[in-house]
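Positions are given from 1 along the sequence. Note that ligands are numbered from 1 as they come in the structure, with each ligand's atoms numbered from 1 the same way.
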Amino acid sequence: MVIKQQKKLKQGMLDNVMRQFNYSADLINLNPNIRKILSITNNELVVHFPVKMDNGDVEVFTGYRVQHNNSLGPYKGGLRYHPTVDIDAAKALAMWMTWKTSLAGLPFGGAKGGIQLDPSKYSQAELERITRRFTYALGDNIGPELDIPAPDVNTNPQTMAWILDTYMSTKSPSERSKNMHVVTGKPVGAGGSEGRDRATGYGVFLNIKFWAENKKIDLKDKRYIVQGFGNVGYWTSHFLDQEGAILVGVQDASGSIANTKGMCVEDLFKHTMEHKGAIAGFSGATPIAQSTFFGLDCDICVPAALGNQITADNANDIKAFLIAEGANGPTDVEAEKILLEKGIEIIPDILCNSGGVIGSYFEWLQNRNGEIWQLDEVMEKMHKKLKESFNKVMKTATERELDMRTAAFTIAIERLEQAYIQRGIFP
Ligand code: GLU
């Protein structure tokens with residue numbers, strides 16, 4: 001039963017991203033040759049590598065890196081550690097990265113990868129060895145000007161520091177420091193950028209704020225629910241809290257909780273820090289049934305966990321007037337039809353969670369140029385870039401009478417189309 005469910009999730013994401021792409025491609029009459037190119041991934045790497053466990057046994061892991069497109073710049077995208085990671089999931093997520101970086105106007109392409117595992121089953125020492133051995137297996141298929149990984153589901157700055165150290169160690173001493181930008185999302189002390197930790201959540205929050213300003217809605221006292229309370233869910237809540245919005249429901253793999261009066265974001269964060277990231281058992285809220293989560297009475301819904309969470313099965317339950325996609329691919333195509341019909345608006349993932357890769361771009365630039373920027377400088381630049389993207393999407397949506405996802409895809413695909421038309425196809 002569980003396996004079937006996972007299979008459904010995986011197949012769904014690739015199907016979803018292709019349907020989203022084809023819908024917008026049809027609408028703009030995308031050049032058929034360019035459609036062929038963008039419909040496939042450039043490179044798909046699958047590696048199997050052995051790692052010694054703490055008890056002395058050897059376990060063989062399977063890792064993936066899919067490079068979808070690099071016509072606008074080096075491949076860029078995260079690495080996730082999760083049981084649902086497989087080749088189709090990596091393909092779908094890599095494609096979303098291409099649209100995301102294109103829409104954000106960054107000089108990057110799209111990639112994604114990871115390892116099929118449940119990290120909660122391994123010690124920190126084992127995770128370090130798994131990460132280092134995976135990096136070694138990827139070898140020169142990643143690189144600071146070729147393909148730049150970053151954190152994603154269940155990976156973090158520490159994971160990136162291990163990747164950097166392993167990658168650098170394989171280079172000759174004189175080459176090592178040239179490779180600082182092989183990964184982004186590093187700890188600040190190990191070449192990371194100020195503000196990268198909160199970048200995705202800040203971007204989700206700003207998109208909600210820009211949207212609300214556009215609709216002349218005040219965020220104060222607006223009730224919101226968040227699925228996933230990791231890096232994205234927490235930081236989004238942190239910034240929404242500062243606007244006076246009220247967190248009334250949270251769901252993660254450990255359980256679902258609600259409090260109609262609102263819960264304290266920082267207390268919940270503290271609880272998760274003390275309980276291996278899990279929200280279950282938080283004293284400031286009451287446990288609810290998993291299936292009732294998306295139906296909670298609220299104004300804004302922030303799915304910030306995995307793909308295909310809002311489907312035709314639960315779309316009709318949703319009471320929020322806005323869905324802000326912190327995760328990649330949380331809403332499937334069938335659910336989106338239902339939601340739009342009901343007048344519920346969706347800030348699409350490739351816009352809504354683009355703060356992360358924008359923050360990564362700033363880190364990459366600093367490493368490349370030997371610069372160190374202050375937090376306020378990074379936040380200001382991020383604000384400017386996110387505002388530009390949001391305005392572009394809103395303008396296109398209004399002028400062409402499109403929903404926000406289709407508008408975002410249209411902009412992203414047109415930028416890629418133009419690059420191909422100007423450069424032609426080799427030879
Ligand atoms: N994993 C994040 C995403 O899905 C960040 C990617 C990056 O910074 O390269 O957008």
Side-chain angles (χ1 to χ4, degrees), residues 13 17 64-70 72-82 84-85 89-115 138 142-157 159-160 163-164 181-187 191-193 195-204 207 228 230-233 235-236 303-307 324-330 347-368 378 381-382 385-386 389 408 412:
M13 284 211 291
V17 70
Y64 302 86
R65 187 68 179 171
V66 171
Q67 300 169 332
H68 172 239
N69 190 278
N70 63 345
L72 298 174
Y75 299 106
K76 186 84 192 82
L79 290 174
R80 67 170 59 176
Y81 289 181
H82 198 269
T84 59
V85 172
K91 277 160 84 166
L93 292 159
M95 283 192 181
W96 271 313
M97 282 310 303
T98 301
W99 320 137
K100 197 184 301 185
T101 52
S102 176
L103 173 66
L106 303 178
F108 288 140
K112 196 72 133 216
I115 309 175
L138 290 174
I142 58 168
E145 306 289 333
L146 171 65
D147 181 357
I148 307 126
D152 200 84
V153 175
N154 291 334
T155 55
N156 53 40
T159 323
M160 300 304 117
I163 296 176
L164 170 70
H181 50 310
V182 65
V183 276
T184 56
K186 301 178 288 289
S193 171
R196 177 61 185 86
D197 54 355
R198 66 209 68 185
T200 313
Y202 184 58
V204 174
N207 271 290
N231 175 274
V232 184
W235 282 107
T236 304
L306 295 170
E325 296 184 333
N328 292 307
I347 309 178
D349 47 8
I350 62 167
L351 170 67
C352 198
N353 70 34
S354 64
V357 74
I358 293 171
S360 280
Y361 171 55
F362 294 148
E363 179 174 332
W364 184 78
L365 274 185
Q366 289 171 73
N367 291 160
R368 211 177 184 219
V378 176
K381 285 189 204 294
M382 214 133 68
K385 227 149 185 0
L386 285 156
S389 292

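- Applying the side-chain hydrogen bond (donor to acceptor under 3.5 Å, both in side chains) test to R198 and every residue at least two apart in sequence or in another chain returns nothing.
- Remark: F108 CZ to D147 CG distance equals 10.5 Å, nearest 0.5 Å.
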*Applying side-chain contact (heavy atoms from CB on, under 4.5 Å), run through L93 and W96 and close with a yes or a no.*
CA-CA 5 Å; L93 292 159; W96 271 313; 4.0 Å; yes
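- Here N69 pairs with S71, Y420 under the side-chain hydrogen bond (donor to acceptor under 3.5 Å, both in side chains) rule; sequence neighbours left out.
- In this structure, the salt bridge (Lys or Arg N to Asp or Glu O under 4.0 Å) partners of K186, at least two apart in sequence or on a different chain, are E363.
- The immediate protein surroundings of ligand 1, defined as residues with any heavy atom under 4.0 Å of it, consist of K76, G77, G78, M97, K100, K112, A150, P151, D152, R196, N328, G356, V357, S360.
- Nearest heavy atoms, P348 versus A408: CG-CB, 4.1 Å.
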